[in-house]
Structure formats: C-alpha cells, structure tokens
Amino acid sequence: MKRSRVFNEVLLAVENISLSFGGVKALSDISFDIAKGEIRAIIGPNGAGKSSMLNCINGFYHPQQGAITYKGVRRSQMRPHEAAEQGIARTFQNIALFRGMSTLDNIMTGRNLRMKTGLFWQALHIGPAAREEIEHRQAVEKIIDFLEIQHIRKVPVGQLPYGLQKRVELGRALAAQPELLLLDEPMAGMNIEEKQDMCRFVLDVNDEFGTTICLIEHDMGVVMDISDRVVVLDYGKKIGDGVPDEIKGNQAVIDAYLGVSH
Amino acid sequence: MLYREAGQFKTTYGADQQIFPILQDRLFVLAVILAAFLVVPLFASQYLYTEILIPFLILSLAAIGLNILVGYCGQVSLGTGGFMAVGAYAAYNLWLRVPELNNLVVVFLFGGLMSAAVGILFGLPSLRIKGFYLAVATLASQFFLDWLFARVKWLTNYTPSGSVAVGETSAFGWKIDTPAERYLFILAFVVVATLVAKNLVRGHIGRSWMAIRDMDIAAEIIGFQPLRTKLSAFAVSSFFIGIAGAMWGFLRLGSWEPLAFDINRSFQILFMVIIGGLGSLLGSFLGAAFIVLTPIVLNQMPGWLGVKLSTAMISHLEFMVFGAMIVFFLIVEPHGLARLWSIAKEKLRLWPFPH
C-alpha cells in the first residue's frame, strides 16, 4: 500500500553544501530539505556522497560552503555531541556498537544526555542515582519490547548475529528519543525476513513516535515502498529529488544507476 | 545448595540491577567478607599479615584503580607508580604539617584527591593520543614524578636521603599499630572502595567509560564528551591509586623513599590488571593475588618438598617459573583469570549435566 502524506513544516534544510577532502569533492552544491514527520531517503551509487551528507548533518564533518538550518536555526560548526543534544540520533553503516557491553547497557548509553546525577551519588548508588537508573531502565525496556529483543537483554553485543546488532543499534538511537533519526543503510547485508522486520520498525518509529527519519538505503524496493520523498546523489551532485514515483521515471537517475554512453 | 538461579524471579528493575543478582553469589561474597573480618584474625600470624594479606589488599586497590583507566576506559597508563607516590607523599605532608588532622581516613582521602588532580593533569594528552603513544606519555609522567620527589626537598621534609618515616597513626581515636589492626583498617577501606568502584562502573559514568573504550567516535556522536569522560576516568583511577600509594607508605612500609614507587611498581600493577582481567573488579583481586602469592609460594616450594637448593638457585627458579606461568595463563585465557572464573561459574550452573 502506497502512502501519500503531506508535510508542511521543514525540520532541516540543507543549503548549497559543498564538502571536499583535499582535492576530492565529496559533495558539491547540494540543497534539499527534510520535512517534519516524513521518511526521507537518500540514494545513489557507491561513492555518491550519501554517508558524507549524513556526517555533515550530525556535525561530524564540517562543510566548507553552505549552511544547514535545523529547526529554524542556521547553525555554524558544531561538535557531534551538540547535534545529539539538539535531538539528532543516528546509526552507522558499519555497526558501531560498544562490543564489550550488553544489549541493555548499549541502549542505556543512548540515554546518556538525560542522565544528570553527579559522581558522588553514583559512587554511593543511592538516592537520585539509583532512582535515575531505574527511571531510564523503564524507558529502555519499552524500546527493548518495541524491537522484540527481550531475550538478548543481557548478552554482550559482540556475540550477537549481524541482524540483531543492527536492531540493537537502532534501539540505542531510539533511546535518545530523537526528533530526527539518521539511518545509514539499516538493511545492508540482511536477508528478506530481517529486512521486512527492519522496515516494520522504521515505519512504526515514524508512526508511533512521530520521529522524522532520513535514511540511506541501496534496496530500491525498500526505498520506494517506505519513503515519502527521495533525494538522489551521484558523484557528489544532486541529480533528483521528489516522491518515489517521480524518481522512478527520472532519466538522470536511471542513467546514474544503469550507466549510459556519453 | 546447588549453584542455580532457577526460581529466583526479579519483579523490580532495582532487584534486577543489584550487584549480585544471584542469591548464591550474594551469600558467597558475604561469607568471604565476614571470614576476612572475623575468622582471619583468629589464626593469622604476623608473617601472614605483613607479607601476604596487607600487600595483597593494598595492591588490589591499586589494581582496581588502574583497571578503571585501562580496563574500563581503554586508556593505557604506565604511570601508576608515580600516582601512588603522589598519594603517599601528599598524605605524608598532610600528616606532618597539620598534626591536628592525624586521622588516617582524612590523610588517605587527601592523598587520593591530590593524586586525582595530578592524574587529570597527565590525562590531558589522552584527548589527542591513543594506545602506545599514550603509554609513552604516561611513562613520562612516571619519570617526572620520580624526579619531583627526589629533587624537591620540601616534599620530603628536607631529609638527607629523601627517605621519610611516619610515626603513630590513628583513625577516629582508634590507634592503628599492630599488624592485625593495620590489616583490619585496610580491609575495611578496600571493601568500601571496591563497593564505590562497582557502583561507578555499573552506573552512567561506567557506561560512558566503556563507550569511549569500545568505539570512541560513536560515543561522541551519541553525546558523550570525550575529554570529560577520559579525564573523569583518569581522576577516579588516580584517586584509588593515590589512596593505595598512601596505604603502601603508611601501613606497609612505615618509612620509604621515592624508589618504592618507581617504574617497576607501575609494571607490577599493570601485570596484575592484565593477568587478572581487563574490565573486571574481581580480576583486580585475582591478579593481585597471583602476583603477590605466586613468588612466595615458588620461593617456599623447594623447602616444602624437601629439595635442598641454594638461595640464589631458588630465586632464579622463581623468576623462570613465574614468567612461564604468566605466559601460560595469557595463552590459555587472554581475557584473564576473571574470565576463567566466569567460565567456571557458567559450567557450574549446569553441573552435573553436560548441557
């Protein structure tokens, strides 16, 4: 079933972003926006600059030109933890979980910005520290229920299979209760069932929590099915932007994917 | 009673988050602590106190401190001896210059706090450098602190050889003099310190350390601030190490010179942490026990077996066998003695059934 929804409010706007590493231009003059509440996909062939784009959005890379406006505020260079404080969470293309920690602890780290008690109370583990720990545990357990990973709660994530690790990583991002969730290839390397599960989670996150989602994905079936709008990058340039049906018929996009004789 | 957790249901998150969720573990640890306080003083000889129990407890505390930094936060340090020296000399100076505060608890905490401050200072490079390079930077701190206590005469109260001695010590009116009293005081201190360390590593701050250890870039992106996290690990770690250093000076040696805290001490503590298990408080105790006890056992072994060997031969053999044992344990279980212990517990949960 195809969803068609209308969004008015812009959550994040990217204006004329250019990013280069030495002589390599990773992104040149890219502009697009992400509306509040939508699922926005970024697609493109390998090396198109998709991950660089996400890294710019969450403050890990600093573009040489252009600006990013988030919630109406044009922002200058920011550190990644500042982006996290403003409500941007993400997952990574290559899983970036804390391998030595359990599933529960990994998801608990997602709530780090909300945990405020000082060293002294934590050392004694009484009063505010103990209360805070239990309060956040409750929030984390809701996410564990939501993602159906109760059985691996106490397992070190290094021992988990790939598909479950991806799910735990999504859980860690969700624990921060972000307004904007960036997913870098959430379905890469998964089999069809795992992909269906992950699609369901992404859609549910969007529906139930109202989280705006920006995702990078290579599986065109998934992208066309779940996203509201798609932006296409190729060699660091934007070659298409629109609803899935427009993108499917866009000649430049077809050429980029299938190759074309010049 | 078999080692089983079946039937122990947790109905609150608080119950699920306690340090030892399994009843048998709780009882076992309680029994060990009670035995250490009540049973050991019934039979322990002076030799057992001064050569085995006191060094074991103090070095365990130092190993806990280093484990917080290396095992939990992933920042390699070779400056442990230097930080112990800071704790010892800071405590000495407070004891010497403010006689009204002749309370060992206050004196030791002061030593720990000064060591924490120095630890923060020498932890600053950790923001930029990692791994081997950080090890070299902390090595520099070791040499600097060695130099400081040998050259700045005020710190050693202008004694000619730099050797300092402490006289009478007490805590809250309790005169701590005999080996048994010293043992009980240290034991109480170490039990409390271990509880504090456990609370820290299982809480929010411990997760921040482990996040930086496991994947520092991801940790920064989800909101941890690397500088603050690393420096808090340096501070807490040096705090424990400083207290251990003050204890080593006051209650183990009584009089000491800077050589007591040289680079060999740093290596000794680091070996304890690696052999015992990185990222495990239990491992700190196991590693300390291994490093303290094994040489003594090896040294006495020929006598027990009735083999007549020269003293020089015995000490050569001690080094060889000790070295071989370290290599053997690291090959068998690179994650340390603590991992062997947890594997044994896993097996015990199913015993006597194979699956």
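Chain identifiers are assigned alphabetically (A, B, ...) following the order of the sequence lines, protein sequences preceding nucleic acid strands; residue numbering begins at 1 within each chain.
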- Note on the structure: The reported gap from CG in N112(A) to CZ in F224(B) (rounded to nearest 0.5 angstrom) is 3.5 Å
- Query: Nearest 0.5 Å, what's the CD-NE2 distance between E132(A) and H204(B)?
  - Reply: 7.0 Å
- Message: For F28(B), I'd like to know if atom CZ has over 12 heavy atoms of other residues, nucleotides or ligands within 6.0 Å.
- Response: no
- Item | Per-residue contact mode, L119(A) against chain B (heavy atom under 4.5 angstrom) | both
- Task: Please look at Q138(A) and chain B and tell me whether the side chain, the backbone, both or neither of the residue comes under 4.5 angstrom of a heavy atom of that chain.
- Result: both
- Top of A129(A), A123(A), A89(A), A83(A) for chain B proximity - count of heavy-atom pairs under 4.5 angstrom: A123(A)
- Item | Where D214(B) and F98(A) come nearest, the two heavy atoms and their spacing | OD2-C, 3.3 Å
- Measuring heavy-atom distances to chain B, does L182(A) have an atom under 4.5 Å in its side chain, in its backbone, in both, or in neither? neither
- Query: For atom NZ of K130(B), is the number of surrounding heavy atoms from other residues, nucleotides or ligands below 6.0 Å larger than 12?
  - Reply: no
- Query: Looking at side-chain heavy atoms only, is the closest gap between H125(A) and K198(B) below 4.5 Å?
  - Reply: no
- Under 6.0 Å from the NZ atom of K71(A), do we count more than 12 heavy atoms belonging to anything else shown? yes
- Query: What closest approach, in Å, do A96(A) and A218(B) show between heavy atoms, and which atom pair accounts for it?
  - Reply: O-CB, 3.5 Å
- Query: Roughly how far apart are F92(A) CZ and I217(B) CD1, rounded to 0.5 Å?
  - Reply: 8.5 Å
- Message: Within the supplied structure, the quantity of interest is the number of heavy atoms (other residues, nucleotides, ligands) at a distance under 6.0 Å from R26(B) CZ; does it exceed 12?
- Response: yes
- Task: Against chain A, label A219(B) side chain, backbone, both or neither, depending on which of its atoms sit under 4.5 Å from a heavy atom there.
- Result: both
- Query: Is a salt bridge present between D16(B) and R153(A), judged by a nitrogen-to-oxygen distance below 4.0 Å?
  - Reply: no
- Message: Would you compute the distance between atom CD1 of I88(A) and atom CD1 of I222(B) and round it to the nearest 0.5 angstrom?
- Response: 14.5 Å
- Max heavy-atom pair count under 4.5 Å with chain A, selected residue of A211(B), S208(B), G206(B): A211(B)
- Non-hydrogen atoms of chain B under 4.5 Å away: do they reach the side chain of R111(A), the backbone, both or neither? neither
- Task: Side chain from CB out, backbone as N, CA, C, O: work out which of these in V201(B) comes under 4.5 Å of a heavy atom of chain A, or both, or neither.
- Result: neither
- Item | Selection from R202(B), M215(B), R207(B) maximising heavy-atom pairs under 4.5 Å formed with chain A | R207(B)
- Task: Check each atom of I212(B) against the heavy atoms of chain A and say whether the ones under 4.5 Å are side chain, backbone, both or neither.
- Result: neither
- Would you mind checking which part of N58(A) comes under 4.5 Å of any heavy atom in chain B, side chain (CB onward), backbone (N, CA, C, O), both or neither? side chain
- Query: Counting N and O atoms only, with roles assigned by atom type, does the side chain of Q122(A) sit under 3.5 Å from a partner on the main chain of I205(B), one being a donor and the other an acceptor?
  - Reply: yes
- Item | F21(A), CZ: over 12 other non-hydrogen atoms inside 6.0 angstrom | yes
- Query: How long is the gap from CD1 on I134(A) to OG1 on T12(B), to the nearest 0.5 Å?
  - Reply: 6.5 Å
- Message: Surrounding CE of M101(A) (heavy atoms of other residues, nucleotides or ligands, distance under 6.0 Å), is the total greater than 12?
- Response: yes
- Does any heavy atom of chain B fall under 4.5 Å from the side chain of E133(A), the backbone, both, or neither of them? both
